[in-house]
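One is the number of the first residue; the rest follow in order along the sequence.
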Amino acid sequence: MGVTPEEVVADLRAAGCVFAEDEAGLLLETGAEGLAERVRRRVAGEPLEHLLGWAAFDGARVPVDTGVFVPRRRTEYLVDLAAPLLGPGDVAVDLCCGCGAVGIALAARVPGAEVHAADLDPVATACAARSLPRVHTGDLFAALPPDLRGRVAVIAVNAPYVPTDEIAMMPAEARDHEPRTALDGGHDGVGFHRRITAEAPHWLAPGGHLLIETSRRQAPLTAAALTEAGLTTQVHHDPERDSTIAHGTAQ
């Protein structure tokens, strides 16, 4: 006998899933085969998105493989700010792309844009390559084709920005099931931001934009790194999604 919808809801609710009914509906969509095992894994704390094989992001279902960072809703604000800065034929880079959610959203919003995505993790880039044609594996800008230097209109970044000592305080879903390399931003959380801002001006076209997701607490540090790199800097915040973006513009 298969697992009933009522049993799935009850198991998820008992495990503390706040949106047990919604999650149960999504798990039931995946079919009866293996459902009991997927419910067991969810009850044990595995991210729902890994079990579904996708994450909802910017109105689309973005493929997310097991072991890949799950895109958060707050990162949609990065897309909201980046998309209006792009036109057809412009080059955009989704740096530290994970599953490629930002790049996928930019390509959907700006038809004709040349969207590249890059990440250090080959598991992540293999996942992103299922949805994007230009995906590169390597350490930050070293992953990109050299002929992009000086041509990029927008670099959109969701690099790791959790301070090392705070990873232990993250929800188990992230701490235990997402790669540490996608979470750990160094002692103050902005180590990657400093590396990115130092090199980004060499890749930006004149008037190009670098947008980095950060936090309200860390925004002054991220903004200082942008300014030190010679970029005109501003900080945007969306209170509804509790999302903060540091934005630098090349001269």
Side-chain angles (χ1 to χ4, degrees), residues 17 19 22-31 34 38 41-42 45-86 90-138 143-144 154-162 170-171 173-183 211-213 238 240-243 245:
C17 295
F19 303 104
D22 293 339
E23 292 196 13
L26 292 170
L27 287 168
L28 288 162
E29 278 185 20
T30 64
R38 288 189 289 277
R41 289 164 61 189
R42 180 61 183 137
E46 192 165 338
L48 176 67
E49 292 81 2
H50 287 167
L51 299 172
L52 299 175
W54 56 267
F57 187 83
D58 202 47
R61 291 185 172 186
V62 175
V64 181
D65 294 334
T66 299
V68 176
F69 180 81
V70 177
R72 278 48 163 175
R73 179 173 177 264
R74 62 175 172 266
T75 304
E76 293 174 354
Y77 187 45
L78 179 62
V79 177
D80 289 344
L81 294 174
L85 305 174
L86 283 172
D90 286 343
V91 176
V93 173
D94 176 4
L95 196 63
C96 302
C97 68
C99 67
V102 170
I104 293 166
L106 290 176
R109 289 206 194 186
V110 190
E114 181 182 327
V115 178
H116 293 255
D119 200 288
L120 180 65
D121 183 358
V123 177
T125 53
C127 181
R130 293 164 56 193
S131 306
L132 292 167
R134 305 176 187 90
V135 180
H136 317 283
T137 305
L144 298 178
V154 171
I155 302 170
V157 182
N158 183 17
Y161 61 91
V162 180
M170 294 186 71
E173 281 187 30
R175 187 181 67 241
D176 296 339
H177 296 281
E178 293 178 321
R180 189 180 179 95
T181 53
L183 304 173
L211 299 103
I212 302 177
E213 180 177 311
D238 175 18
E240 180 184 349
R241 289 171 286 196
D242 191 24
S243 180
I245 307 296

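For the pair T181/F69, no side-chain contact is recorded, criterion being any heavy-atom separation below 4.5 Å from C-beta on. Side-chain atoms of D94 and L106, non-hydrogen and from C-beta on, never get closer than 4.5 Å to each other. Side-chain contact between L48 and L27: present, with at least one pair of heavy atoms (C-beta onward) separated by less than 4.5 Å. Residues T75 and V102 are in side-chain contact: their nearest non-hydrogen atoms beyond the backbone lie under 4.5 Å apart.
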Residue pair F19, L26: steps toward the side-chain contact (heavy atoms from CB on, under 4.5 Å) verdict
CA-CA 11 Å; F19 303 104; L26 292 170; over 6 Å; no

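V154 and A82 make their closest contact through CG1-CB, 3.9 Å (heavy atoms, listed as atom of the first residue, atom of the second, distance). In terms of heavy-atom proximity, V68 sits nearest to A124 at CG2-CA, 4.1 Å. Across A105 and D58, no two heavy atoms sit closer than the pair CB-OD2, 3.5 Å. Minimum interatomic distance between V64 and C127 (heavy atoms only, all atoms of both residues): CA-SG, 3.9 Å. Contact between H136 and A143 at its shortest, heavy atoms only, is CB-O, 3.1 Å. Summarising the geometry of V62 relative to C99, their closest heavy-atom pair is CG1-SG, 3.7 Å, with the distance given to 0.1 Å.
Separating the CD1 atom in I245 from the CZ atom in R74 is a distance of 9.5 Å, to the nearest 0.5 Å. Y77 contributes atom OH, which lies 11.5 Å from atom CG of D242 (distance to the nearest 0.5 angstrom). Residue D121 holds its CG atom at 9.0 Å from SG of C97, rounded to the nearest 0.5 Å. Interatomic distance, CG of L132 versus CD1 of I104, reported as 5.0 Å (0.5 Å rounding).
When atom types are taken as modelled, the side chain of D119 and the backbone of T125 share no donor-acceptor pair closer than 3.5 angstrom. Between the E46 side chain and the L51 main chain, no donor and acceptor come within less than 3.5 Å of each other. At distances below 3.5 Å, not a single donor-acceptor pair connects side-chain atoms of H116 with backbone N or O atoms of L95. When atom types are taken as modelled, the side chain of R175 and the backbone of M170 share a donor-acceptor pair closer than 3.5 angstrom.
Here the rule is salt bridge (charged side-chain N to carboxylate O under 4.0 Å, His left out) with R72, and of E49, E213, E178 only E178 fits it.
Under 4.0 Å is where a charged nitrogen must lie from a carboxylate oxygen, and between D80 and R109 at least one such pair does. Between E29 and R61, at least one side-chain nitrogen of the basic residue sits less than 4.0 Å from a carboxylate oxygen of the acidic one, meeting the salt-bridge criterion. Salt bridge E23/R38: absent, no basic N to carboxylate O contact under 4.0 Å. For E173 and R42, the salt-bridge test passes: some basic side-chain N is under 4.0 Å from an acidic carboxylate O.
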